[in-house]
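Step one of this worksheet: look at the structure below.
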Amino acid sequence: MEKYLFSLFSRLSQKLPYINNAELVFNVPAQGAHGDLSTNIAMLLSRSLKRKPREIADEIIGNLEPDQEIIDKVEIAGPGFINFFFNKTFLPLIIKEVLDQKGKFGRSDMNKGKRANVEFVSANPTGPLTVGHGRNAVLGDTAANFLEWTGYEVDREYYFNNAGRQMRVLGDSVKKRYLGILGKETDFPDDYYQGEYIKEIASKLVAQYGNKLENEDPEGVFKSAAEKEIFEDIKGTLLRMGIHHNIYFNEKDLYDNKSIDQILEELKKLGLSYEKEGAVWFKLSSMGGDQDKVIVKSTGEPTYRLPDIAYHITKFKRGYDLLIDIFGSDHADTYPDVLAGIRSLGYDDSKVTVLIHQFVTIIEKGEVVKMSTRKANYITIDQLIDDVGTDVVRYFFNMRDRNSHMNFDLDLARKQSDENPVFYLQYAHARICSIEKMTEEEKLLPSVDDLNLLETPEELDLLRKMHAFEKTIMKSAENFEPHTLCAYLEELAAAFHKFYRFRRIIGTEKKLAEARLALILAVRIVIKNGLALLGVNAPERM
RNA sequence: GCGCCCGUAGCUCAAUUGGAUAGAGCAUCAGCCUUCUAAGCUGAGGGUCAGUGGUUCGAAUCCACUCGGGCGUACCA
């Protein structure tokens with residue numbers, strides 16, 4: 001629908017060149033009475049032309065010359081909106097398009113040939129994935145899905161660090177538990193990893209090695225056993241959510257292949273680093289930053305900034321057109337430094353998109369659950385999936401704007417009831433599948449020959465909603481906002497349930513029944529495609 | 001103190017990126033199943049868009065300040 005209007009206006013611009021002075025945008029009005037599509041162009045032009053919006057709109061309409069077969073009516077409304085009403089024969093054509101493209105409907109190849117990298121989760125293997133990681137994981141995987149739908153070839157990457165202080169403490173935590181089981185040592189510092197899983201790893205080591213490890217270095221067997229075990233656990237959890245990273249990048253490689261040293265050298269050459277008090281500082285103040293930051297501690301150990309810069313540069317060198325980072329808000333302050341580093345070394349940091357999501361607050365029995373991996377006071381993704389299933393987990397994390405400080409009410413999520421929008425969508429899909437089966441027995445076949453029979457408000461509403469699918473995906477993809485798609489799907493499902501309530505297929509006149517059948521099969525495809533993008537199943541029976 | 005994010009119906013959240021009468025779900029109340037799945041549908045009530053000022057044809061959205069909450073503010077990541 002939009003394409004036709006754009007072509008109309010471009011022809012118009014030869015007669016009225018001034019319309020190019022403002023951005024032409026079409027929107028679906030909130031109210032049906034305002035037409036199928038609407039533009040505010042006349043109001044935008046008002047200031048520069050120093051004329052009244054309605055007067056401009058009048059001139060535009062007078063010169064537009066729309067095809068009567070496509071556009072039924074054009075009108076000026078309100079302060080100067082131009083509303084377009086499409087011909088009734090035009091609306092149902094979407095059904096043919098959907099049935100034709102099936103699982104590809106909504107996909108586009110606008111980014112064909114481009115490669116993107118989405119880095120997400122990236123939790124160090126110190127404990128099971130918790131609800132906090134869940135939001136990151138789902139948003140990352142969904143962002144990757146959206147990119148694929150717009151034509152990108154996508155790598156899903158997991159960046160981790162198995163050295164450093166965190167992991168040292170992990171190894172020592174296991175060792176202390178190990179000794180504890182053997183009755184050797186009882187002290188266990190508060191800031192060590194308190195989780196049950198540490199004890200389980202320790203007792204496995206006892207079972208395997210007895211007391212032979214008493215004098216082992218905590219960073220040896222203890223650490224590596226824990227790392228291996230925990231990483232397997234994390235991967236298993238991700239798999240349950242349908243998430244598969246095809247690249248795992250170990251920070252250690254950046255040291256082994258000397259890229260850390262090289263960057264340090266380059267920054268020095270560029271005069272962007274200096275030594276002070278035994279540490280190396282990154283001169284952010286000379287690049288618009290408010291203060292310089294340490295990149296190599298006086299102990300000789302780099303801070304996270306240096307490997308992070310080196311890591312991003314390896315991604316640049318791998319030739320991606322787009323780099324996505326998914327971070328929790330606790331990392332919000334760190335990435336500007338990293339981008340500055342990338343920029344200073346001559347790379348185009350506009351290729352990097354950092355998506356920050358706010359924290360998830362867990363509510364249980366009406367109270368906030370404070371979580372800490374170390375204190376072992378947390379709810380794992382695995383527990384969550386056991387409770388509510390993968391589909392609910394994925395949908396819930398997708399359905400809120402990433403900037404919202406979302407509340408995850410466990411008691412609510414556990415209810416597999418009508419309070420849950422996931423079931424509402426899946427139910428719509430299952431219902432259509434069920435009708436499909438029934439109509440087969442009635443010897444009814446979907447037909448696109450008499451689509452003009454579709455003219456009740458419920459049918460037209462479904463048709464309009466389907467017209468909006470492609471644009472919704474484009475918008476969701478452009479801004480990495482899956483919640484927009486969730487809202488769309490809920491509207492589409494609602495429109496279907498309403499249709500179901502008022503219009504029947506079996507038992508109505510054959511031609512109408514077959515047109516309606518084509519209609520709902522198209523709706524089913526759209527729901528299924530939308531859910532697929534979100535990583536949620538579309539069951540045929542419930 | 002400073003930086004980022006947030007504040008919308010009793011609760012959880014939307015709002016087509018500055019548009020038309022601010023919308024959904026849940027909860028509450030009143031209705032709808034001898035016919036394709038009632039995990040559904042119809043209707044009702046519910047709002048000082050945290051507050052104040054500003055910008056303009058037009059503000060929940062942009063700017064300034066105030067109040068309240070989250071996250072940062074390391075030679076942790």
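Within every chain, numbering begins at 1; the chains are lettered A, B, ... in the order of the sequence lines, protein sequences first and strands thereafter.
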Main-chain N/O of A:His483 paired to A:Asn398 side chain as donor or acceptor, under 3.5 Å: no
Does [N] have OP1 or OP2 under 4.0 Å away from a side-chain N or O of [X]?
X        : N      : value
A:Arg431 : B:rA38 : yes
A:Tyr335 : B:rC4  : no
A:Asn407 : B:rU12 : yes

Selected nucleotide, minimal atom distance to [X] side chain, candidates [options]:
X        : options                : value
A:Asn27  : B:rA20, B:rU16, B:rC36 : B:rU16
A:Ala279 : B:rA77, B:rC36, B:rC75 : B:rC75
A:Val28  : B:rC41, B:rU16, B:rC36 : B:rU16
A:Met406 : B:rC13, B:rU73, B:rA38 : B:rC13
A:Arg47  : B:rC57, B:rA20, B:rC75 : B:rC57
A:Lys297 : B:rC76, B:rU17, B:rA77 : B:rC76
A:Phe359 : B:rC36, B:rC71, B:rG40 : B:rC71
A:Arg504 : B:rU35, B:rG40, B:rG72 : B:rU35
A:Lys498 : B:rC36, B:rG40, B:rU42 : B:rU42
A:His483 : B:rG19, B:rU17, B:rA15 : B:rA15

Aro-ring/base stack A:Phe81-B:rA20, d under 5.5 Å, angle under 30°: yes
Nearest-Å distance once atom [atom1] is located in both [N] and [M]:
N      : M      : atom1 : answer
B:rG19 : B:rG51 : C1'   : 25 Å
B:rA60 : B:rA9  : P     : 15 Å
B:rG40 : B:rA50 : P     : 31 Å
B:rU61 : B:rA14 : C1'   : 13 Å
B:rC2  : B:rC65 : P     : 10 Å
B:rA39 : B:rG25 : C1'   : 14 Å
B:rC71 : B:rG46 : C1'   : 33 Å
B:rA22 : B:rU35 : C1'   : 40 Å

Geometric class of the A:Tyr159/A:Tyr311 ring pair [parallel <30°, tilted 30-60°, perpendicular >60°]: parallel
Face-on cation placement of A:Arg431 at A:Tyr500 ring, 6.0 Å and 45° thresholds: yes
A:Glu459 and its salt bridge (charged side-chain N to carboxylate O under 4.0 Å, His left out) partner, picked from A:Arg503, A:Lys465, A:Lys498, A:Arg516: A:Arg516
Classify [X] by what it touches in the nucleic acid, base, sugar-phosphate, or nothing, heavy-atom distance under 4.0 Å.
X        : result
A:Ala30  : base
A:Ser46  : nothing
A:Ala430 : base
A:Glu481 : base
A:Arg503 : base
A:Tyr424 : sugar-phosphate
A:Glu277 : base
A:Asn83  : base
A:Ser434 : base
A:Ser38  : base
A:Pro79  : base
A:Tyr500 : base
A:Pro302 : sugar-phosphate

Base of [N], side chain of [X] - is there a donor-acceptor contact under 3.5 Å?
X        : N      : result
A:Thr334 : B:rA77 : no
A:Glu442 : B:rC36 : no
A:Asn40  : B:rG19 : yes
A:Ser404 : B:rC6  : no
A:His497 : B:rC41 : no

Nearest-0.5 Å distance, CG of residue A:Leu517 to OG1 of residue A:Thr439: 4.5 Å
Counterpart residues, salt bridge (charged side-chain N to carboxylate O under 4.0 Å, His left out), relative to A:Lys528 (two or more places apart): none
Polar contact flag, side-chain donor to acceptor under 3.5 angstrom, A:Tyr274-A:Asp292: yes
Contiguous pairing runs of three or more, Watson-Crick or G-U under 3.5 Å, that involve RNA chain B: B:1-7 with B:67-73, B:10-13 with B:23-26, B:28-32 with B:40-44, B:50-54 with B:62-66
Side-chain heavy atoms of A:Ile473 within contact of A:Glu470, under 4.5 Å: no
Heavy-atom check, side chain of A:Phe85 versus side chain of A:Asn83, under 4.5 Å: yes
SB check A:Glu157 A:Lys315 (cutoff 4.0 Å): no
Where the chi angle of B:rU17 falls, syn if within 90° of 0 and anti if not: syn
